[in-house]
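Note sheet for the following structure.
Here is how names work: the chains are called A, B, and so on, in the same order as the sequence lines, proteins then strands, and each is numbered from 1.
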Amino acid sequence: MISHIDLDYFYAQCEEVRNPDLRKRPVVVCVYSGRDGDSGVVSTSNYNARRLGVTSGMPIKMAKSKFTKSEIDPVFLPVDLDYYRQFSTAAMEIIQVSCDIFEHVGIDECYIDISRASDSNYMKSAAIVNYIQNKVYSKTNLTCSIGVGPNKLVAKIASNIRKPNAITVVNPSDVKAFMRRCKIEEIPGVGPKKKLRLEALGIRSVKELGEIDLFRLKEVFGYKIGSYLHNAANGIDDSPLKPNHHNKQIGNIVTLKHDITNSEEASPVLMSLCTHVYNILIRREQAYRTVNLILILHNLSQFNASRTLKLISSSLDKLQQIAIELLADIIRVHSLSFNNIRRIGITLSDLSGHSGQNTITRYFAEETKV
DNA sequence: GCCACGCCTCGTC
DNA sequence: TTACGGACGAGGCGTGGC
């Protein structure tokens with residue numbers, strides 16, 4: 001029996017705890033790009049803001065326009081990740097001691113296995129998660145929404161079905177009916193693009209998704225996603241909880257103050273991105289093997305290029321050199337000019353240094369041998 | 001024909 | 001009318017070795 005715990009409207013709720021006077025007002029937490037005053041997007045908002053149509057990912061200017069005809073005085077705040085992380089750590093520590101297996105997913109959510117604590121009794125499970133919910137609130141002043149189900153998929157959808165500060169328990173015997181009531185986009189992994197592709201197949205409901213020929217789904221979405229979608233429509237999911245989660249990537253993407261117009265302007269930005277991710281890499285005692293460069297142009301079109309090394313590396317020089325080569329690759333392959341580059345990002349992956357893998361020390365020993 | 005790998009796109013929060 | 005971040009994970013697809 002799995003439970004999914006989601007801290008409600010997390011960033012905005014942290015801001016409400018910091019300043020309780022905000023609770024009555026719409027609170028919109030934003031990522032400001034620094035381009036001009038209101039360039040950027042909404043990260044999270046509280047329910048007062050959501051009721052007026054503010055959603056995550058919405059441009060800040062659009063969010064502000066939602067209040068122009070209203071008497072209500074909204075609060076727009078920049079994200080303060082370090083502050084939110086303290087709440088996340090505190091809440092996760094409380095949850096972790098209440099269960100056997102714990103999987104931390106992102107800053108504001110986690111899965112726990114409560115089979116043993118509840119003796120696999122669904123009536124009992126509600127009392128257990130209610131206890132956790134109260135304990136998190138008493139220690140952090142944060143509310144959370146909790147779903148319980150026979151697997152991660154159902155638990156996650158359940159935690160999202162009623163919010164905030166709610167508990168939704170789905171008994172195994174109710175899973176099929178529960179899934180049939182869901183919207184297709186409530187299935188994790190189904191975003192706007194997959195929704196459109198499903199609609200093109202004539203699938204608009206979870207019921208229709210569950211009934212379509214599995215081979216057709218695999219043909220269109222590939223083996224794994226096809227199987228996943230088919231199972232998900234029927235509430236089937238056998239993915240295990242993954243404790244000891246380690247980051248698999250280290251990335252940094254920035255929006256430039258002004259669109260770049262030539263390669264000379266791109267170079268210092270790239271160097272700075274490389275240094276940033278490199279510092280994190282070294283702090284985590286890791287090394288990289290793959291470097292990915294992402295370019296986003298003024299019209300928001302996106303281009304990627306990546307390179308995987310024969311050997312893992314911990315060299316900043318090599319990273320910077322690859323970044324410059326990847327930038328040149330993208331420009332050449334897509335026949336772009338340096339005009340209109342709005343955002344640039346670097347991501348390191350194929351990281352080593354976790355337990356069971358090469359440590360950076362061992363890597364240095366290996367590299368000197370070569 | 002299978003598999004591993006490298007590259008890229010799509011998804012979530 | 002328009003507006004537009006950042007960090008991360010998963011998996012599809014093409015390719016090349018066997």
Between CD of A/E185 and C1' of B/dC13 the distance, given in whole Å, is 16 Å
Between NE2 of A/H334 and C1' of B/dT9 the distance, given in whole Å, is 12 Å
- Message: Does a side-chain N or O of A/K156 approach OP1 or OP2 of B/dC13 to a distance below 4.0 Å, or not?
- Response: yes
Of the listed B/dC8, C/dC4, C/dA7, the closest approach to the A/P59 side chain comes from C/dC4
_Looking at A/R343, I'd like to know whether one of its side-chain N or O atoms comes within less than 4.0 Å of OP1 or OP2 on C/dC4._
no
Between the OG atom in A/S205 and the CG atom in A/L209, the distance rounded to the nearest 0.5 Å is 8.0 Å
| query | Hey, is the side chain of A/S56 poking within less than 4.0 Å of OP1 or OP2 on B/dC13, counting only N and O atoms? | reply | no
(Q) If you compare every side-chain N and O of A/R342 against the phosphate oxygens of C/dG5 (OP1, OP2), does one of them come in below 4.0 Å? (A) yes
- request: Assert yes or no for the condition that the ring centre distance of A/Y111 to A/F102 is strictly below 6.0 Å.
  value: no
Separation of B/dT9 atom P from A/L295 atom CG, nearest Å, is 12 Å
5'-most contact on DNA chain B (nearest-nucleotide basis), A/D6 vs A/A305, goes to A/A305
Out of C/dG6, C/dG11, B/dC10, minimum distance to the side chain of A/I253 belongs to C/dG6
Taken to the nearest whole Å, CG/A/D350 to P/B/dC5 is 10 Å
Whole-Å distance, A/L81 CG to C/dG6 P, equals 12 Å
query: Looking only at atom types and distance, does a side-chain atom of A/T55 sit under 3.5 Å from a main-chain N or O of A/M58, one as donor and one as acceptor?
result: no
Rounded to whole Å, the CD1-C1' distance (A/I322 to B/dC7) equals 15 Å
Note: for A/G57 and A/I250 on DNA chain C, the residue whose nearest nucleotide lies more 5' is A/G57
Quiz item: Closer than 4.0 Å, any side-chain N/O of A/K248 to the OP1 or OP2 of C/dG9?
Solution: no
Against the side chain of A/S306, the closest entry in C/dA7, B/dC7, B/dT12 is B/dC7
inquiry  = Students often get this wrong, so: under 4.0 angstrom with heavy atoms, is A/F10 touching a base, only sugar-phosphate, or nothing?
reply    = nothing
- Query: Does a side-chain N-to-carboxylate-O contact under 4.0 Å join A/K257 and A/D36?
  - Reply: no
Side-chain contact check for A/K61: nearest option of C/dG5, C/dC4, B/dC13 is C/dC4
Quick note, salt bridge (Lys or Arg N to Asp or Glu O under 4.0 Å) partners involving residues 65-78 of chain A, not counting sequence neighbours, are A/R25-A/D73
Side-chain atoms of A/S39 come closest, of C/dC4, C/dA3, B/dC10, to C/dC4
Side-chain atoms of A/K194 come closest, of C/dA7, B/dG11, C/dC4, to B/dG11
Do we see a donor-acceptor contact under 3.5 Å between the side chains of A/S159 and A/D6?
no
Separation of C/dA10 atom C1' from A/Y223 atom OH, nearest Å, is 17 Å
The side-chain hydrogen bond (donor to acceptor under 3.5 Å, both in side chains) partner of A/N292 among A/T308, A/N304, A/T347 is A/N304
Exercise. May I ask you to evaluate whether A/N304 reaches the phosphate of B/dT9, defined as a side-chain N or O under 4.0 Å from OP1 or OP2?
Key: yes
Inset, instruction - May I ask you to verify if any side-chain N or O of A/N252 is less than 4.0 angstrom from the OP1 or OP2 atom of C/dA7? - result: yes
A/S65 has its side chain closest, among B/dC13, B/dC7, C/dA3, to C/dA3
| said: Please classify the nucleic acid contact of A/Q302 as base, sugar-phosphate, or nothing, using heavy-atom distances under 4.0 Å. | reply: nothing
When rounded to whole Å, the CD to P distance for the pair A/E219 and C/dG12 reads 14 Å
Of B/dG6, C/dG12, C/dG5, the nucleotide closest to the side chain of A/K224 is C/dG12
